[in-house]
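The next block holds one structure in the form of structure tokens; read it before the comments.
The first residue of the sequence shown is numbered 1, and numbering continues consecutively from there.
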Amino acid sequence: EELVEFHDHALMVALAICSLVLYLLTLMLAEKLSSNTVDAQEVELIWTILPAIVLILLALPSLQILYMMDEIDEPDLTLKAIGHQWYWAYEYTDFKDLTFDSYMIPTTELPSGHFRLLEVDHRIVIPMESPIRIIITANDVLHSWAVPSLGVKTDAIPGRLNQTSFITTRPGVFYGQCSEICGANHSYMPIVVESTPLTHFEHWSTLL
């Protein structure tokens with residue numbers, strides 16, 4: 001949500017700049033500029049200071065979002081994602097023996113109403129409104145764990161542990177895919193995150 005708001009903020013700044021430049025170009029074509037206008041130091045001062053202010057208006061919220069995305073402070077749940085050719089394996093490190101593999105459901109076996117090439121046989125279930133930390137690695141080649149609607153994209157590298165965090169503010173299902181060209185079946189290892197209330201999550205964890 002913060003990323004979407006910053007995107008809209010940046011677009012409004014770009015629109016204001018384009019409108020101002022278009023107005024000045026129209027003014028220059030419509031009127032003859034005098035030597036006083038061309039050599040005015042006040043104008044030079046304005047077009048030097050104004051871009052600096054615009055850059056500050058863009059940099060401050062951008063740095064704030066980067067800090068918010070990178071900060072991982074006492075997560076309620078830690079999840080480990082391991083990339084394989086070509087599926088994901090998940091481990092809930094806060095639970096004993098809560099692990100499973102997540103494979104894409106073939107089109108011929110896909111239930112009615114589900115998304116083709118995006119649905120999996122075992123979804124990641126997480127409690128909503130809880131800080132979630134996910135540790136990402138790979139078992140064979142480079143992968144990338146990416147869920148655009150959650151603002152998450154982290155590379156899965158063999159022999160290395162990367163981590164990221166996110167919070168879901170409402171129940172729902174979020175879809176993603178491996179965004180690294182990891183082999184012939186690169187597009188056949190989707191990611192599905194299901195956000196549920198805490199009571200539903202606790203019930204789901206006992207069933208596994």
Side-chain angles (χ1 to χ4, degrees), residues 1-31 33 37 40-79 81 115 117-118 123-136 142-157 161-181 186-187 190-198 201:
E1 293 173 355
E2 293 286 345
L3 288 171
V4 171
E5 289 183 6
F6 176 70
H7 173 264
D8 296 340
H9 170 71
L11 282 183
M12 292 304 297
V13 172
L15 179 63
I17 293 174
C18 292
S19 301
L20 178 61
V21 171
L22 181 62
Y23 170 75
L24 292 176
L25 287 175
T26 305
L27 197 64
M28 291 174 63
L29 294 174
E31 299 182 9
L33 297 178
T37 305
Q41 293 185 357
E42 293 81 1
V43 176
E44 295 181 1
L45 187 64
I46 292 174
W47 74 41
T48 301
I49 296 178
L50 194 59
I53 297 175
V54 171
L55 290 176
I56 293 174
L57 291 176
L58 290 175
L60 290 180
S62 176
L63 292 174
Q64 180 185 10
I65 293 175
L66 285 175
Y67 178 80
M68 290 170 59
M69 294 176 64
D70 192 57
E71 185 69 16
I72 303 174
D73 186 18
E74 296 183 358
D76 292 344
L77 181 68
T78 299
L79 179 69
F115 293 108
L117 302 182
L118 284 178
R123 294 177 173 179
I124 308 168
V125 180
I126 59 171
M128 57 182 265
E129 297 181 343
S130 299
I132 308 297
R133 174 175 59 188
I134 178 164
I135 300 173
I136 302 167
L142 289 175
H143 299 281
S144 185
W145 201 86
V147 183
S149 54
L150 294 177
V152 176
K153 180 180 181 294
T154 304
D155 289 338
I157 304 172
L161 296 177
N162 291 330
Q163 70 175 0
T164 185
S165 64
F166 58 88
I167 299 176
T168 57
T169 57
R170 60 181 66 89
V173 181
F174 306 90
Y175 293 91
Q177 286 181 307
C178 174
S179 59
E180 187 73 50
I181 302 178
H186 146 71
S187 59
I191 302 161
V192 183
V193 179
E194 183 176 351
S195 174
T196 64
L198 181 59
F201 171 76

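- The closest donor-acceptor contact from the side chain of His143 to the backbone of Glu180 lies at 3.5 Å or more, if one exists at all.
- Looking at heavy atoms from C-beta onward, His186 lies in side-chain contact with Cys178 at the 4.5 angstrom threshold.
- Atom-to-atom distance recorded for Ile132:CD1 and Leu79:CG is 8.0 Å, nearest 0.5 angstrom.
- For Lys153 against Ser179, the heavy-atom pair with the smallest separation is CE-OG, 3.1 Å.
- Heavy atoms only, all atoms of each residue included: Thr168 and Pro127 are closest at OG1-O, 4.1 Å.
- Rounded to the nearest 0.5 Å, atoms CD1 (Ile17) and CE (Met12) are 11.5 Å apart.
- More than 12 non-hydrogen atoms from other residues, nucleotides or ligands lie less than 6.0 angstrom from CG of Leu117.
- Checked by atom type and distance alone, the side chain of His9 pairs as donor or acceptor with a backbone atom of Leu57 at under 3.5 Å.
- Across every non-hydrogen atom of Asp76 and Ser130, the tightest pair is OD2-CB, 3.5 Å.
- Note: Ile126 CD1 to Phe174 CZ = 7.0 Å, rounded to the nearest 0.5 Å.
- Residue Ile136 comes nearest to Asp155 through the heavy atom pair CG2-O, 4.0 Å, listed as atom of the first residue, atom of the second, then distance.
- In this structure a side-chain-to-backbone donor-acceptor pair under 3.5 Å is present from Ser195 to Arg170.
- Rounding to the nearest 0.5 Å gives a distance of 11.0 Å between CG of Leu27 and CG of Leu22.
- The CD1 atom of Ile46 lies 10.5 Å from the CD1 atom of Ile53; values are rounded to the nearest 0.5 Å.
- Side-chain contact between Val147 and Phe166 is absent, with no heavy atoms from C-beta onward closer than 4.5 Å.
- No side-chain heavy atom of Val173 sits under 4.5 Å from any side-chain heavy atom of Val193.
- Thr169 approaches Met128 most closely through the heavy-atom pair O-CE, 4.1 Å.
- Taking CD1 from Ile134 and CG from Asn162, the interatomic distance works out to 11.0 Å, rounded to the nearest 0.5 Å.
- Looking only at side-chain heavy atoms (C-beta outward), Thr196 and Pro171 stay at 4.5 Å or farther from each other.
- Between Thr154 and Gln163 there is no side-chain heavy-atom pair separated by less than 4.5 Å.
- Contact of the Leu20 side chain with the Leu50 side chain is registered, since non-hydrogen atoms from C-beta on lie closer than 4.5 Å.
- Classification of the Phe115-Tyr175 ring pair by plane angle, with boundaries at 30° and 60°, yields perpendicular.
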